[in-house]
Amino acid sequence: MRFHSTNKKSKNFSLSDALCLGLAPDRGLFMPDSWPSLPPAFFKNIDKLNFNQLALSVAKKYSADIPEKQLQNIINDVFTFPVPLKKLNHNLYLLELFHGPTMAFKDFGARFLSRSLSYFLKAHKNPLNIIVATSGDTGSAVASGFFKVPNIKVFILFPSGKVSPLQEKQLTTYGHNITAIEVKGSFDDCQKLAKQVLGDADLNRQIRFSSANSINFGRLLPQSFYYFWAYAQLKKQGDNRSPILAVPSGNFGNLFAGLMAKKMGLPIHKFIAATNSNNIVPKYLQSGKFEPKKSKKTISNAMDVGNPSNFARILEIYHKSHRQMTKDIIGISISDTDTKHIIRQIYKKNGYILDPHTAVGVKAALQYQLTDKDRYPIIVLSTAHPAKFKEIVEPVINKKIPLPKQLQGAMKKKKQAIKIAVNYEQLKQALLLL
């Protein structure tokens with residue numbers, strides 16, 4: 001498997017190159033030169049595989065750089081938690097992706113990427129620095145996944161006052177090889193600064209950087225695994241229809257991972273790109289015009305992205321054809337008011353507590369169901385545990401949410417963060433001194 005850049009100026013890279021560089025030399029995003037496919041027998045028997053067997057079948061199509069035995073060891077080390085599919089009503093399901101160490105779906109990508117990079121660094125014997133921007137859960141998952149991984153330092157940029165208190169504790173309390181940098185700006189500012197670091201040739205000659213954001217292909221490959229798992233669990237429940245996947249979306253890496261699965265042959269009927277009021281992509285799907293804007297603060301903060309990076313990858317998949325993209329993807333934007341309403345409604349009706357991001361997906365799915373005459377099953381990706389957003393959810397449902405064991409420890413630790421302005425030279429000097 002070889003990789004090229006979405007900017008078309010950089011070509012012929014290995015998986016190791018794509019993961020260790022993060023961003024292509026021409027500042028584009030890495031993409032496979034071709035899409036591998038899985039045989040019909042795989043899909044016929046998919047419901048008989050456990051998660052790790054399924055993950056290996058998918059991963060080895062991309063990972064010739066890693067021998068199969070070592071790849072299996074990475075998968076077994078990473079995916080040690082359940083991924084249940086739960087039914088809300090006759091045609092609506094939730095795939096719970098929040099049972100990992102930091103209780104968010106980002107654990108899948110961060111843990112797989114850290115172990116894969118560790119494998120490649122053993123061969124190259126060169127230390128690596130990771131720069132990552134976070135709007136919430138990415139930072140905590142990367143901090144957890146990379147904590148004490150040999151030969152890797154991690155620098156996490158997060159927007160001051162724009163992540164939940166628990167998320168902030170999770171990403172600022174590790175120490176050791178993890179450094180949190182608090183930026184007086186938005187997530188988009190953090191993401192722009194991180195990309196400047198990756199594209200700074202002078203800085204990278206002094207200290208080598210890669211990314212653990214979803215711009216890194218190594219974050220997205222493992223996220224494709226659970227799309228196959230969702231279909232397998234649906235089939236195991238006796239439903240062989242092609243599902244619709246409702247994906248809460250911010251930087252659009254999660255939806256791109258689903259498109260990867262579809263390109264490999266997974267029978268997905270459609271995708272619902274569910275956003276909060278940062279509705280850049282839903283507007284594009286309606287009008288054909290992509291117009292990035294400054295992000296707005298919402299109660300589903302991990303999706304507060306005004307210029308989603310991975311949209312460049314989605315455009316490439318569809319050869320920049322708006323007409324082709326809209327055949328597969330429906331964009332629906334959900335307000336904070338409707339997000340709170342659906343959290344309250346689902347709790348009263350089903351006794352199930354949604355986090356704000358999953359609630360955006362559920363509301364979008366229910367809205368789509370009103371127009372779906374064929375009644376396809378819809379699977380909503382449930383992205384985080386509601387306890388991570390207690391301050392928002394508890395007043396809505398008028399109930400205290402117990403804090404799971406995975407989250408209790410972080411709240412007792414002391415925050416450690418370096419504060420900077422939205423200033424690249426200030427960030428660069430901080431990185432050179434750390």
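Small disclaimer: the values here were computed from a predicted structure and weren't measured. Residue numbers count from 1 along this sequence.
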(message) Between Asn216 (side chain only) and Ser211 (backbone N and O only), is there a donor and an acceptor less than 3.5 Å apart?
(response) yes
(request) Check the angle between the aromatic planes of Phe155 and Phe209 and answer parallel, tilted or perpendicular using the 30° and 60° thresholds. (result) tilted
(request) Please report the shortest heavy-atom distance between Ala387 and Leu166, naming the atom on each side. (result) O-CD2, 3.7 Å
(request) For Asp47 and Lys235, indicate whether the former's side chain and the latter's backbone hold a donor-acceptor pair under 3.5 Å. (result) no
(request) Go through the steps to decide whether Tyr119 and Asn73 satisfy the test side chain to side chain donor-acceptor pair (under 3.5 Å), and finish with yes or no. (result) CA-CA 11 Å; Tyr119 172 81; Asn73 290 340; over 6 Å; no
(request) Drop me the distance from Lys399's NZ to Tyr347's OH, to the nearest 0.5 angstrom. (result) 4.0 Å
(request) Look at the aromatic rings of Tyr62 and Phe217 and report parallel, tilted or perpendicular, splitting at 30° and 60°. (result) tilted
(request) Please report the closest heavy-atom contact between His176 and Phe147, naming both atoms and the distance. (result) CB-CE1, 3.6 Å
(request) Measure the acute angle between the ring planes of Phe79 and Phe112, then classify it against the limits of 30° and 60° as parallel, tilted or perpendicular. (result) parallel
(message) I'd like to check Ile299 versus Phe389 (side-chain heavy atoms, cut-off strictly below 4.5 Å). Are they in contact?
(response) no
(request) Taking Asp200 for its side chain and Gln196 for its backbone only, find out whether a donor-acceptor pair lies under 3.5 Å. (result) no
(request) Would you indicate whether Lys153, at its atom NZ, is surrounded by more than 12 heavy atoms from other residues, nucleotides or ligands within a distance under 6.0 Å? (result) no
(request) Is it possible for you to check whether Lys413 lies under 6.0 Å from the centre of the six-membered ring of Tyr174, through NZ or CZ, and within 45° of that ring's axis? (result) yes
(request) Output, in order, the C-alpha distance, side-chain angles, deciding distance and verdict of side chain to side chain donor-acceptor pair (under 3.5 Å) for Thr339 and Asp336. (result) CA-CA 5 Å; Thr339 301; Asp336 277 358; 4.7 Å; no
(request) Indicate whether the side chain of Asp304 and that of Ser135 have a donor and an acceptor atom separated by less than 3.5 Å. (result) no
(message) Contact between Ile378 and Asn91 at the side-chain level, heavy atoms closer than 4.5 Å - yes or no?
(response) no
(message) Using a 3.5 Å distance criterion without hydrogens, assess whether the side chain of Asn276 forms a donor-acceptor pair with backbone atoms of Thr298.
(response) no
(message) Could you tell me if the side chain of Leu71 sits less than 4.5 Å from the side chain of Lys60, heavy atoms only?
(response) yes
(message) The test is side chain to side chain donor-acceptor pair (under 3.5 Å); show your working for Arg313 and Asn310 and say whether it passes.
(response) CA-CA 5 Å; Arg313 285 183 163 122; Asn310 284 291; 2.7 Å; yes
(message) Has Arg111 got a side-chain atom pairing as donor or acceptor with Val78's backbone, closer than 3.5 angstrom?
(response) yes
(message) Measuring from atom NZ of Lys48 to atom CG of Leu54, what distance do you get when rounded to the nearest 0.5 angstrom?
(response) 13.0 Å
(request) Mind listing the closest non-hydrogen atom pair of Ala365 and Ala246 along with its distance? (result) CB-CB, 4.2 Å
(message) Tell me if a side-chain donor or acceptor on Thr337 pairs with a main-chain N or O of Ser335 at a distance below 3.5 Å.
(response) no
(message) Could you tell me if the side chain of Lys87 sits less than 4.5 Å from the side chain of Gln237, heavy atoms only?
(response) yes
(message) In the structure I gave you, are the side-chain heavy atoms of Ser309 and Lys195 within less than 4.5 Å of one another anywhere?
(response) yes
(request) Could you walk me through whether His4 and Ser10 pass side chain to side chain contact (heavy atoms under 4.5 Å, CB included), step by step? (result) CA-CA 6 Å; His4 63 271; Ser10 300; over 6 Å; no
(request) Check the surroundings of atom NZ in Lys270: do more than 12 heavy atoms from other residues, nucleotides or ligands lie under 6.0 Å from it? (result) yes
(message) Is it true that, when you exclude Lys340 itself, more than 12 heavy atoms of the residues, nucleotides or ligands shown sit nearer than 6.0 Å to its NZ?
(response) no
(message) Is there a side-chain contact between Arg219 and Thr138 in this structure, where contact means two heavy atoms from C-beta onward sitting under 4.5 Å apart?
(response) yes
(message) Can a donor-acceptor pair be found, under 3.5 Å and without considering hydrogens, that links the side chain of Asn279 to the backbone of Ile332?
(response) no
(message) To the closest 0.5 Å, what do you measure between CG (Leu171) and OG1 (Thr102)?
(response) 10.5 Å
(request) Can you see which heavy atom on Ile343 is nearest to which on Ala359, and at what distance? (result) CG1-CB, 3.5 Å
(message) Quick one, Ser116 and Ile74 - any side-chain contact, counting heavy atoms below 4.5 Å?
(response) yes
(message) Just checking Asn398: does its CG atom have more than 12 heavy atoms from other residues, nucleotides or ligands closer to it than 6.0 angstrom?
(response) no
(message) Less than 3.5 Å apart, any donor N or O on the side chain of Ser382 or Glu96 sitting next to an acceptor on the other?
(response) no
(request) Taking all non-hydrogen atoms of both residues into account, name the closest pair between Leu121 and Asn151 and its distance. (result) CD1-O, 3.9 Å
(message) I'd like to know if the side chain of Thr172 and the backbone of Glu168 have a donor-acceptor N/O pair within less than 3.5 Å.
(response) yes
(request) Give me the one residue out of Asp137, Ile401, Asp355 that meets side-chain contact (heavy atoms from CB on, under 4.5 Å) with Lys388. (result) Asp137
(request) Apply side chain to side chain donor-acceptor pair (under 3.5 Å) to the pair Asn301 and Gln167, showing each step before the final yes or no. (result) CA-CA 11 Å; Asn301 66 283; Gln167 286 173 323; 3.1 Å; yes
(request) Verify side chain to side chain contact (heavy atoms under 4.5 Å, CB included) between Phe108 and Phe225, making sure each step is shown before the conclusion. (result) CA-CA 9 Å; Phe108 287 84; Phe225 303 161; over 6 Å; no
(request) Walk me through it: do Lys162 and Phe187 pass the test side chain to side chain contact (heavy atoms under 4.5 Å, CB included)? (result) CA-CA 8 Å; Lys162 294 181 174 65; Phe187 167 74; over 6 Å; no
(request) Count the heavy atoms belonging to other residues, nucleotides or ligands that lie under 6.0 Å from NZ of Lys293, then report whether that count exceeds 12. (result) no
(request) Test His99 against Asp107 for side chain to side chain contact (heavy atoms under 4.5 Å, CB included), laying out the working first. (result) CA-CA 9 Å; His99 293 282; Asp107 285 323; over 6 Å; no
(request) Please work out whether the ring planes of Phe30 and Phe3 are parallel, tilted or perpendicular, with thresholds of 30° and 60°. (result) perpendicular
(request) Could you tell me the separation between the CG atom of Asn278 and the OG atom of Ser300, rounded to the nearest 0.5 Å? (result) 8.0 Å
(request) Any chance you could measure Met303, atom CE, to Asn254, atom CG, to the nearest 0.5 Å? (result) 10.5 Å
(message) Whether the side chain of Ser210 engages the backbone of Ile130 through a donor-acceptor N/O pair (distance < 3.5 Å, no angle test) should be reported.
(response) no
(request) Compare all side-chain heavy atoms of Val281 with those of Ser249 and state whether any distance is below 4.5 angstrom. (result) no
(message) If I take atom CD1 from residue Ile268 and atom CG from residue Asp328, how far apart are they, to the nearest 0.5 angstrom?
(response) 9.5 Å
(request) Examine the side chains of Asp338 and Gln367 and answer whether a donor and an acceptor come within less than 3.5 Å of each other. (result) no
(request) Quick one: closest heavy-atom pair of Leu38 and Val58, and the distance? (result) CD1-CG2, 4.2 Å
(message) Atom NZ of residue position Lys419 - does it have more than 12 heavy atoms of other residues, nucleotides or ligands inside 6.0 Å?
(response) no
(request) For the pair Lys363 (side chain) and His341 (backbone), establish whether a donor and an acceptor sit closer than 3.5 Å, ignoring hydrogens and angles. (result) no
